[in-house]
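Just below is one structure, and these are the notes that go with it.
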There are 2 protein chains.
Amino acid sequence: MAERIQNCFLFSEFTLEELRQFRENAEVKQFAKNQIIWQYGTPAKQIGVVLEGCVRIETQDYWGNRSILAKISAFEVFGEAFYCAHISARPVQVCSDTDTKILFFGIPEVPEGNCRTQFLEKLLQVTAGKNVMLADKMRHITKRTIREKLLSYLSAQAGLRKDSRFTIPFNRQELADFLAVDRSALSKELGKLQAEGVLQFKKNHFTLLKSSEAD
Amino acid sequence: MAERIQNCFLFSEFTLEELRQFRENAEVKQFAKNQIIWQYGTPAKQIGVVLEGCVRIETQDYWGNRSILAKISAFEVFGEAFYCAHISARPVQVCSDTDTKILFFGIPEVPEGNCRTQFLEKLLQVTAGKNVMLADKMRHITKRTIREKLLSYLSAQAGLRKDSRFTIPFNRQELADFLAVDRSALSKELGKLQAEGVLQFKKNHFTLLKSSEAD
DNA sequence: CTCCTTTCGTTGCAAAAACAACAGACTTTC
DNA sequence: GAAAGTCTGTTGTTTTTGCAACGAAAGGAG
């Protein structure tokens with residue numbers, strides 16, 4: 001049992017006996033690079049944990065255009081939302097990005113009792129955390145203009161830090177990707193906002209100023 | 001106990017004894033219209049369930065502009081994501097939209113044993129469901145143009161129904177709001193797509209056609 | 001210090017979107 | 001069945017954005 005699944009947050013507090021029992025019930029499979037692990041549209045009957053390697057979460061549209069939603073690396077979980085929501089057909093496909101070893105299981109495979117309760121609470125924490133992040137991002141992205149998206153995001157950051165001066169964890173390109181806009185257009189808008197005296201910035205350090213009529 | 005909290009999905013399978021015990025531990029409070037229920041920035045130490053009336057989830061930016069994220073009505077849950085993710089400061093405020101009666105509780109208040117496990121699984125299901133919907137919406141919204149957003153959304157619908165002919169649950173304005181774009185611009189783009197032979201539609205019934213180079 | 005790479009701001013231009021306004025089709029209501 | 005209201009497509013105009021390209025600034029490596 002060289003994979004040390006205790007490295008995964010979900011199992012970090014299992015006892016040795018619980019780990020042993022869980023590993024007996026769960027399934028481990030190996031995949032070569034670029035194999036399909038879960039086909040698009042299949043029912044979500046298991047949760048996956050990457051033990052070695054890296055997998056891609058992908059979508060494919062009606063006309064065959066593929067796009068990568070995320071990459072999941074060692075000791076990270078995937079498919080848990082589809083599993084827990086009991087959906088009948090996964091809206092994505094999962095593909096090995098390198099040679100991989102994957103652990104598959106369902107909640108019934110988790111040892112009963114205190115262990116399972118703890119596991120569920122952790123899974124809930126992970127899922128809820130993703131939820132908060134998604135909802136937060138959604139709040140900014142749904143604004144119509146780059147200016148509004150920026151002010152919404154920066155405002156939230158200031159609120160979070162409880163300080164009108166703060167540093168963001170993104171460089172320009174990353175911020176543009178996060179807000180789903182063009183980098184140069186973002187830079188342009190930042191320049192305008194600074195010229196208008198709404199805010200000041202220097203690299204990724206920002207200061208929000210006085211009042212404005214923005215949303 | 002006139003509120004019949006069994007109407008709430010989370011508690012629908014509690015036994016009478018479990019319900020009684022739970023209600024002893026949980027807290028019920030009444031609010032007049034437009035009172036602040038949870039202040040922005042406060043720690044998320046409880047989950048809320050609306051028993052009577054309706055509440056608003058709101059944000060407020062650095063310059064004081066308010067925006068409504070959601071309205072929660074009777075027997076619906078709110079704040080569960082913040083609670084389960086153990087965040088230290090809620091990024092939203094919650095306000096009574098009408099006179100309301102709210103049930104507040106934390107997980108320790110749920111009777112132990114089988115009951116709690118079932119509750120956690122249900123809560124997980126609800127949270128995961130929101131997660132799937134949010135991620136799904138995000139996939140479409142992050143596309144850069146209205147055309148791409150539309151094709152992404154419609155493509156996903158076709159995939160979901162496993163049929164290139166399908167009906168969507170939105171009218172034009174609602175679809176525009178969902179994709180975070182202007183209604184008339186959306187109509188315009190739909191017209192173009194139809195003229196180009198990419199798809200056909202009639203009200204909210206759509207048919208996707210042949211191939212295209214869109215993403 | 002110099003070369004190389006990455007990041008950032010800027011510009012011009014073409015494309016796309018927002019906005020406002022209107023007319024026809026369809027619904028609902030009385 | 002007429003009137004009022006809603007939903008949808010369309011058009012024209014203005015604003016915003018995406019895109020491509022470039023040069024300056026910053027940071028690292030040798």
Side-chain angles (χ1 to χ4, degrees), chain A residues 65 67 137-154 157 165-209 212-215, chain B residues 65 67 137-154 157 165-209 212-215:
Chain A
N65 307 294
S67 93
K137 183 168 171 174
M138 192 68 75
R139 213 169 61 234
H140 311 312
I141 286 194
T142 52
K143 306 277 176 175
R144 297 300 168 82
T145 64
I146 292 183
R147 164 174 294 236
E148 282 178 315
K149 291 180 195 191
L150 260 173
L151 292 179
S152 173
Y153 171 71
L154 295 175
Q157 288 297 308
R165 305 177 65 239
F166 55 90
T167 303
I168 65 171
F170 295 131
N171 66 26
R172 287 290 176 283
Q173 184 61 60
E174 288 166 343
L175 179 58
D177 289 343
F178 179 81
L179 296 178
V181 298
D182 178 74
R183 182 197 60 84
S184 79
L186 181 102
S187 265
K188 205 184 291 185
E189 199 60 45
L190 274 173
K192 273 197 213 169
L193 285 166
Q194 188 162 43
E196 292 171 22
V198 180
L199 53 77
Q200 287 182 349
F201 64 93
K202 197 173 174 183
K203 295 194 59 178
N204 48 351
H205 187 80
F206 290 78
T207 307
L208 304 191
L209 309 169
S212 113
E213 63 281 20
D215 186 24
Chain B
N65 309 295
S67 93
K137 184 168 171 176
M138 192 67 78
R139 211 168 62 233
H140 311 312
I141 286 192
T142 51
K143 305 276 175 176
R144 296 299 167 83
T145 65
I146 292 183
R147 164 174 295 234
E148 282 178 315
K149 291 181 195 190
L150 259 173
L151 292 180
S152 173
Y153 170 72
L154 294 175
Q157 287 297 308
R165 305 176 65 242
F166 54 91
T167 303
I168 64 171
F170 295 133
N171 65 28
R172 287 290 177 280
Q173 184 61 62
E174 287 165 343
L175 179 58
D177 289 343
F178 179 81
L179 295 178
V181 298
D182 178 73
R183 182 197 61 80
S184 80
L186 181 101
S187 265
K188 203 185 291 185
E189 198 60 45
L190 275 173
K192 272 197 214 171
L193 286 166
Q194 189 162 43
E196 291 172 22
V198 180
L199 52 78
Q200 289 182 348
F201 64 93
K202 196 174 174 182
K203 295 192 61 174
N204 47 351
H205 187 80
F206 289 78
T207 308
L208 304 190
L209 309 169
S212 116
E213 63 281 23
D215 185 23

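Please read these numbers as outputs of a predicted model, since none were measured by experiment. Throughout, a chain's letter reflects where its sequence line sits, starting with A, and its residues are numbered from 1.
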Once you round it to whole Å, what is the distance between P of dA16(C) and NZ of Lys149(B)?
14 Å
Using a 3.5 Å distance criterion without hydrogens, assess whether the side chain of Glu174(B) forms a donor-acceptor pair with backbone atoms of Asn171(B).
yes
In terms of side-chain heavy atoms of Ser187(B), which of dT8(D), dA17(C), dC13(C) is nearest?
dT8(D)
Ignoring the backbone of Phe201(A), work out which of dG9(C), dG18(D), dA17(C) is nearest its side chain.
dG9(C)
Determine whether Leu175(A) and Leu150(A) make a side-chain contact, defined as any pair of heavy atoms from C-beta on separated by less than 4.5 Å.
yes
Could you check whether the side chain of Arg183(B) and the base of dG9(D) have a donor-acceptor pair of N or O atoms closer than 3.5 Å, going by distance alone?
yes
Roughly how many Å is it from CZ in Arg147(A) to P in dT15(D), rounded to a whole number?
14 Å
In whole angstroms, how far is the P atom of dG5(D) from the CD atom of Gln173(B)?
19 Å
Provide, to the nearest angstrom, the distance between the CD atom belonging to Glu189(B) and the P atom belonging to dT11(D).
14 Å
From NZ of Lys202(A) over to C1' of dG9(C), roughly how many Å is that when rounded to an integer?
15 Å
Atom-to-atom span, CZ of Arg144(A) to C1' of dA17(C) - whole angstrom
10 Å
For Lys203(B), does its backbone N or O pair with a side-chain atom of Arg172(B) as donor and acceptor, under 3.5 Å?
yes
When every non-hydrogen atom of His140(A) is compared with those of Phe178(A), the smallest separation belongs to CD2-CE2, 4.3 Å
Measure CD/Gln194(A) against C1'/dC8(C) and give the value in whole Å, please.
13 Å
For Asp177(A) and dT17(D), give me the distance from atom CG to atom C1', rounded to whole Å.
16 Å
Check whether any side-chain N or O of Arg172(A) sits under 4.0 Å from OP1 or OP2 of dG9(C), and answer yes or no.
yes
5′-ward residue of the pair Asp182(B)/Asn204(A) relative to DNA chain C
Asn204(A)
Which nucleotide in dA17(C), dG9(D), dT16(D) has an atom nearest any side-chain atom of Ile146(B):
dA17(C)
Of Ser184(B) and Lys203(A), the one whose nearest nucleotide on DNA chain C sits closer to the 5' end is Lys203(A)
Can a donor-acceptor pair be found, under 3.5 Å and without considering hydrogens, that links the side chain of Arg144(A) to the backbone of Val181(B)?
yes
